[in-house]
Colleague: 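What follows is a structure written as structure tokens; I'll ask about it next.
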Amino acid sequence: LPVLPDWMVQVLQVAVTLALAPLVSGVIARLEAIIQQRTGPRLLQPYYDILKLLRKETVLPAPAGPLFRVAPYVSFAGYASVPLLIPVLTSYGLSPR
Amino acid sequence: MTLAAIPPLGGFVSEWFTLEALLQGFRMPTLLSQLLCALGAAALAFTAGIGLLAFSKYFSFIFLGPPRSSTRAFERRSRWRDQLSLWPLALVMVCLGTVAPWEVRGLGDALQAILGIDPATTAITAPLVLGPVLPHFSVLAPTWLTIVLPAFAVIAYLLARATGRGRPRRAPVWVTGSRAELGAVQYRPSSYSNPIRYVLRGPLGFRMRVGRAAAPATDEEVHETSVVLAFDRYLYRPLTGLALAANARIRRLQSGRLSTYLLYMLIALIGALALIPILH
């Protein structure tokens with residue numbers, strides 16, 4: 001297997017986490033439904049939910065300041081930086097050396 | 001805010017070093033020490049999370065919430081001018097975290113002159129990566145987070161812009177149906193502390209009671225909460241009691257008569273003289 005540089009592994013870790021996190025959520029929901037003998041949602045339902053939420057209109061409270069608008073993006077940045085720290089694609093912690 | 005160890009502020013760098021050192025607990029010789037390091041890292045992350053939540057809430061209570069009274073509204077209007085002097089300090093706080101590798105390098109140079117070794121050579125690997133104990137352990141550092149976190153936020157914003165539906169709409173806030181002023185019913189410090197107390201109700205001994213007011217004419221509900229202050233109850237109070245009891249016993253010796261004090265001094269002198277042959 002080709003050895004990727006650290007920065008590329010980190011970028012891939014973030015990309016894979018962002019791309020597959022909804023699928024993991026869908027698999028868990030599906031497994032729960034199977035165990036409870038329900039029909040349950042589709043496997044890709046979280047992706048449809050995200051698409052629906054992204055297309056919805058944004059409504060802000062009248063007195064909300066700029067920080068209110070920035071908060072979701074800051075929150076996203078915080079969560080997205082977690083895969084930079086913990087191994088997702090690799091079996092070693094943080095750095096291979 | 002730097003006390004809350006938020007990246008990229010100055011307080012975050014020291015916490016980062018501690019966390020990184022604890023994460024290297026797998027290098028410890030025994031399983032117990034490895035487990036303790038892992039537990040320490042988890043506890044540090046947990047306390048950092050609570051600290052971050054608490055400080056950002058307190059910051060928002062003070063600076064961002066709507067004013068509760070007209071006096072406060074006036075103070076808020078005049079505050080922006082007063083804050084001008086704080087901006088350079090805030091900038092320094094951000095810079096202290098961002099330029100941490102250069103600070104460590106400077107400290108290393110100074111220590112080399114005194115100690116003969118340069119700790120910075122083992123703490124800094126890539127130009128911007130800081131890692132304690134052994135180099136090459138980490139690939140992320142406070143300086144990198146300064147670059148990465150805003151970049152992620154920008155990516156999220158662009159993603160939302162690309163898929164969203166134009167400008168957001170402003171709508172009035174629904175305030176409890178009682179037509180109360182928003183400033184009067186907004187989050188208060190207890191709104192934040194109560195959930196934390198409730199989650200930690202076991203160790204804190206949190207009790208909550210809702211009852212009628214003592215005055216018979218009013219229908220007002222009384223909401224009482226109590227927290228067992230563990231250190232106060234189980235450590236400080238017994239220690240204070242012991243110290244006061246010892247103090248009361250010693251006080252009996254203080255008669256106020258000169259001859260009694262001279263007797264004490266004589267006893268102390270005889271005791272000291274008796275110690276000389278024992279020590280030799």
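Throughout, a chain's letter reflects where its sequence line sits, starting with A, and its residues are numbered from 1.
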Colleague: Taking all non-hydrogen atoms of both residues, which atom of A/P61 and which atom of B/V173 are closest, and how far apart?
Modeller: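 Minimum heavy-atom separation between A/P61 and B/V173: CB-CG2, 3.5 Å.
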Colleague: Flag the one option from A/L51, A/T58, A/L60, A/L53 with the top tally of heavy-atom pairs under 4.5 Å to chain B.
Modeller: A/L60
Colleague: Once you round to the nearest 0.5 Å, how far does OG of A/S81 lie from CG of B/L149?
Modeller: 5.0 Å
Colleague: Could you state the interatomic distance from CD1 (B/I155) to OH (A/Y73), rounded to the nearest 0.5 Å?
Modeller: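 Atom-to-atom, B/I155:CD1 and A/Y73:OH are 13.5 Å apart.
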Colleague: Does OH in A/Y47 sit with more than 12 non-hydrogen atoms of other residues, nucleotides or ligands closer than 6.0 Å?
Modeller: yes
Colleague: Nearest 0.5 Å please: distance from the CZ atom of B/R161 over to the CG atom of A/L54.
Modeller: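 Taking CZ in B/R161 and CG in A/L54, the distance rounds to 14.0 Å.
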Colleague: Do you know which two heavy atoms are closest between B/A153 and A/A77, and how far apart they sit?
Modeller: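 Closest heavy-atom pair between B/A153 and A/A77: N-CB, 3.8 Å.
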Colleague: Give the table of side-chain donor-acceptor pairs shorter than 3.5 Å for residues 27-41 of chain A, with sequence neighbours excluded, one pair per line with atom names and distance.
Modeller:
unit_1	atom_1	unit_2	atom_2	d
A/R30	NH1	A/T39	O	2.9
A/R30	NH1	A/P41	O	3.3
A/Q36	OE1	A/R38	NE	2.9
A/Q36	OE1	A/R38	NH2	3.0

Colleague: Under 4.5 Å from any heavy atom of chain B, what part of A/L67 do you find: side chain, backbone, both or neither?
Modeller: side chain
Colleague: Strictly distance-based, threshold 3.5 Å: is any side-chain N or O of B/R170 a donor or acceptor partner for the main-chain N or O of A/V59?
Modeller: no
Colleague: At a 4.5 Å cut-off on heavy atoms, which part of A/V70 comes close to chain B: side chain, backbone, both, or neither?
Modeller: neither
